[in-house]
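Please read the structure below before turning to the comments.
Side-chain atoms are counted along with the backbone in the values below, which use heavy atoms only and exclude waters and symmetry mates. As the structure is a prediction and not an experimental result, all values here were calculated from the model.
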Amino acid sequence: MRTALRLAPALFGLVAWLGPSAATAQGQGLFAAAGRGEWTFDDPVWQAIQVETYTPEACAARPCPLLIVIHGNGRDAARSRDDWVAAAKRHGVLVAAPRFDKARFSGRLFQQGNARREPDRAKWTFGIVERLFDAARAAGRAEGAGYRLFGHSAGGQFVHRMALLMPEARFSKAVVANAGYYTLPLDAAAAGGFAYPYSLGGTPATDAILRAALGKHVTVMLGDRDTDPAHRELNRSPGAEEQGATRFARGKRFMADIRAAAARLGLTLEWREVVVPGVAHQQKRMARAAAPELLGP
């Protein structure tokens with residue numbers, strides 16, 4: 001990875017895009033009533049984004065912390081939202097699950113964040129999450145200066161790539177659960193010749209960006225039974241297969257490389273690996289295991 005560039009400043013606030021009054025208008029109706037809801041976010045880059053929401057009774061009349069949930073390859077944002085309803089009630093948090101519909105968001109645009117050979121960071125789909133947070137804050141609904149972030153399977157791919165490439169993002173904690181394959185914190189040569197999305201090769205990542213990324217609070221959660229090498233949704237491209245035969249093996253390889261990168265940079269690593277016993281590729285059970293990590297003290 002190159003080391004000459006400085007860590008780029010945050011580029012993704014709605015205020016920077018639209019101004020305070022427009023940001024407030026974007027959030028009208030967001031988390032307006034207790035219970036489940038749907039809201040259309042008029043993103044300034046990607047236009048209409050459907051967002052599935054949940055507002056606990058305790059948050060109906062006051063701001064609360066915000067959890068943003070990224071769905072898997074089934075693109076079922078409502079189900080992803082529903083998997084967090086019980087925890088949201090218990091902890092008093094708002095839930096927002098944006099939907100990256102297949103008609104507009106291919107795997108390159110969704111799981112890979114549109115960062116592949118795209119030098120204009122404003123076009124990365126990771127920015128949708130940041131702008132959604134801005135809208136919730138401008139509407140007076142999201143509490144605090146940051147949000148919590150969860151992604152399972154394809155959503156885990158999105159979240160860990162966002163954490164690695166955009167460490168200025170304002171999530172305070174993130175959980176990456178059962179991702180299908182990973183962007184290793186290596187250049188292409190060290191990753192068997194595989195560039196992004198299999199490594200940081202070909203991205204704007206520098207050691208400065210990687211240092212910032214590894215200082216974020218990220219937990220990589222692996223179900224110890226997510227070990228089916230023939231799972232129908234498992235990526236079997238050569239770059240993914242090089243990381244291991246199963247999601248569990250790939251996650252272990254990824255975290256070994258993350259620890260090695262932190263050691264090379266002389267960092268105290270903030271990323272954690274958590275193995276969840278008895279769980280396979282099951283989003284609801286992984287969400288239940290992730291709740292204390294994301295929402296607890």
Side-chain angles (χ1 to χ4, degrees), residues 36 51-56 59 64-100 110-111 126 129 132-133 142-144 146-164 169-182 213-214 216-227 233 246-248 250-252 254-255 258 269-297:
R36 293 169 174 82
V51 183
E52 301 292 336
T53 64
Y54 178 74
T55 306
C59 300
C64 281
L66 175 63
L67 168 67
I68 298 178
V69 177
I70 308 299
H71 58 65
N73 200 41
R75 317 296 178 111
D76 192 342
R79 177 190 167 200
S80 297
R81 180 266 323 270
D82 288 348
D83 287 344
W84 283 91
V85 165
K89 290 179 181 178
R90 186 165 60 252
H91 293 278
V93 300
L94 302 166
V95 181
R99 181 171 182 264
F100 295 87
F110 171 38
Q111 291 101 308
F126 304 134
V129 173
L132 174 58
F133 174 55
E143 174 185 275
Y147 55 93
R148 313 295 170 89
L149 183 61
F150 173 83
H152 180 263
S153 193
Q157 292 184 45
F158 179 99
V159 169
H160 90 274
R161 292 184 177 113
M162 178 176 173
L164 284 173
R170 290 162 291 172
F171 63 83
S172 56
K173 295 181 180 178
V175 167
V176 175
N178 286 346
Y181 70 103
Y182 296 83
L214 298 184
K216 302 282 285 188
H217 293 283
V218 177
T219 301
V220 175
M221 303 189 78
L222 308 172
D224 73 348
R225 294 190 182 177
D226 199 355
T227 54
E233 292 185 350
T246 68
R247 291 186 184 88
F248 185 74
R250 294 172 188 180
K252 298 291 282 186
F254 173 68
M255 284 305 297
I258 285 286
L269 181 64
E270 296 294 340
W271 291 45
R272 299 175 61 237
E273 175 186 332
V274 173
V275 174
V276 184
V279 177
H281 202 64
Q282 298 162 289
Q283 177 178 272
K284 187 171 186 176
R285 295 185 68 185
M286 292 299 283
R288 189 181 304 140
E293 293 284 329
L294 278 179
L295 307 180

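Pairing each heavy atom of Ala96 with each of Leu132, the nearest pair is CB-CD2, 4.2 Å. Nearest heavy atom pair, residue Ala163 against residue Ala213, reads O-CB, 3.3 Å. Contact record, Gly296 with Lys173: O-NZ, 3.4 Å, taken as the closest heavy-atom pair. Residues Phe133 and Ala142 share a closest heavy-atom pair of CE1-CB, 4.1 Å. The nearest pair of heavy atoms linking Glu293 to Val274 is OE2-CG2, 4.1 Å. Residues His217 and Phe171 share a closest heavy-atom pair of O-CE1, 4.4 Å.
Val220 places a side-chain heavy atom less than 4.5 Å from the side chain of Tyr182. Put simply, the side chain of Phe248 reaches to within 4.5 Å of the side chain of Val275, judged on heavy atoms. Counting heavy atoms from C-beta on, the side chains of Leu94 and Thr53 never come closer than 4.5 Å.
When each of Val175, Leu222, Val279 is paired with Met286, the side chain to side chain contact (heavy atoms under 4.5 Å, CB included) condition holds for Val279 and for no other.
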Derivation of the side chain to side chain contact (heavy atoms under 4.5 Å, CB included) call for Val129 and Phe158: CA-CA 11 Å; Val129 173; Phe158 179 99; 3.8 Å; yes
Could you give me the CA-CA distance, side-chain angles and deciding distance for Ser172 and Arg148, then say whether side-chain hydrogen bond (donor to acceptor under 3.5 Å, both in side chains) is met? CA-CA 6 Å; Ser172 56; Arg148 313 295 170 89; 3.0 Å; yes
Verdict with reasoning, Ile70 to Leu149, per side chain to side chain contact (heavy atoms under 4.5 Å, CB included): CA-CA 8 Å; Ile70 308 299; Leu149 183 61; 4.0 Å; yes
Evaluation steps, side chain to side chain contact (heavy atoms under 4.5 Å, CB included), between Val69 and Tyr54: CA-CA 11 Å; Val69 177; Tyr54 178 74; over 6 Å; no
Starting from the C-alpha separation in whole Å, work towards a yes-or-no answer on side chain to side chain contact (heavy atoms under 4.5 Å, CB included) for Asp82 and Arg36. CA-CA 8 Å; Asp82 288 348; Arg36 293 169 174 82; 2.9 Å; yes
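Listed for the Asn178 side chain is a donor-acceptor partner under 3.5 Å among the backbone atoms of Ala280. Here the side chain of Arg285 pairs a donor or acceptor atom with the backbone of Gly278 at under 3.5 angstrom.
Note: His152 and His281 have tilted aromatic rings, judged against thresholds of 30 and 60 degrees for the angle between ring planes. Aromatic ring orientation, His160 versus Phe254: perpendicular (interplanar angle above 60°, classes split at 30° and 60°).
Remark: Met221 CE to Glu273 CD distance equals 11.0 Å, nearest 0.5 Å. Between His71 atom NE2 and Asp83 atom CG the span is 13.0 Å, to the nearest 0.5 Å. Distance check, rounded to the nearest 0.5 Å: CZ of Phe150 to CG of Leu67 gives 8.5 Å. For the atom pair CZ (Arg288) and NZ (Lys284), the distance works out to 6.5 Å, reported to the nearest 0.5 Å. Taking CZ of Arg247 as the start and OG of Ser153 as the end, the distance is 5.0 Å to the nearest 0.5 Å. Taken to the nearest 0.5 Å, the OG1 atom of Thr219 stands 10.0 Å off from the CH2 atom of Trp271.
Within 6.0 Å of the CZ atom in Arg75, the count of heavy atoms belonging to other residues, nucleotides or ligands exceeds 12.
Cation-pi contact between Arg161 and Phe110: absent, since separation from the ring centre below 6.0 Å together with deviation from the ring axis within 45° is not met.
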